[in-house]
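Here is the structure we will look at, set down as structure tokens.
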Amino acid sequence: GDVRMRAEHVTSENARCLRFAELMKQGDVEAAGEEMYSSHASLRDLYAVSTPEIDWLVDHAKGLGIQGGVYGARITGGGFGGCV
């Protein structure tokens, strides 16, 4: 149920944070950005704190890609529709 999904997010987010930190130490900003997109998907699907508008912004940012100056994006802030 909801508690299991949220717990899955928390444990996977901890692993993502550790990978993100290591990737940044290595200077691999592209892979670190992918961790941010994965984080957003988990926050959306498992933790249920995103909104369609925030999802659109993340998708749009991802569509711009590295050529557009975007390496990664995720919901952040207070949740339940925070900011990107």
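One is the number of the first residue; the rest follow in order along the sequence. Values reported hereafter were calculated over all heavy atoms of this structure, with side chains retained and with hydrogens, waters and symmetry mates removed. Just so you know, these numbers come straight off a predicted model, no measurement behind them.
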message = Within this structure, what is the CD-CG distance for the pair E30 and L23, rounded to the nearest 0.5 Å?
response = 11.0 Å
task = Give a yes or no answer on whether the side chain of S12 reaches the backbone of E8 with a donor-acceptor pair at less than 3.5 Å.
result = yes
ask   = Is the shortest heavy-atom distance from the side chain of I75 to the side chain of S50 under 4.5 Å?
value = yes
ask   = Between L18 and M24, is there a shared hydrophobic cluster once you connect ILVMFWY residues whose side-chain heavy atoms come closer than 4.5 Å?
value = no
note = When every non-hydrogen atom of Y37 is compared with those of Y71, the smallest separation belongs to CE1-O, 3.7 Å
Remaining members of hydrophobic cluster (4.5 Å side-chain criterion), M5 = L46
query = Does the side chain of Y47 reach to within under 4.5 Å of the side chain of V10, using non-hydrogen atoms?
reply = yes
inquiry  = Can you pull out every side-chain hydrogen bond (donor to acceptor under 3.5 Å, both in side chains) where at least one residue sits in residues 58-68? Sequence neighbours excluded, please.
reply    = none
query = So how far is it from S39 OG to R19 CZ, rounded to the nearest 0.5 Å?
reply = 10.5 Å
inquiry  = So, taking the atom named OG1 in T11 and the one named CZ in R6, what distance separates them when rounded to the nearest 0.5 Å?
reply    = 14.0 Å
task = Identify, with sequence neighbours excluded, every residue that meets salt bridge (Lys or Arg N to Asp or Glu O under 4.0 Å) alongside E13.
result = R16, R74
query = What distance do I54 atom CD1 and T76 atom OG1 have between them, rounded to the nearest 0.5 Å?
reply = 10.0 Å
key: Of H40, E53, M36, R44, the residue whose pairing with V58 passes side chain to side chain contact (heavy atoms under 4.5 Å, CB included)   = H40
key: Joint hydrophobic cluster, W56 plus L64, side-chain heavy atoms closer than 4.5 Å   = yes
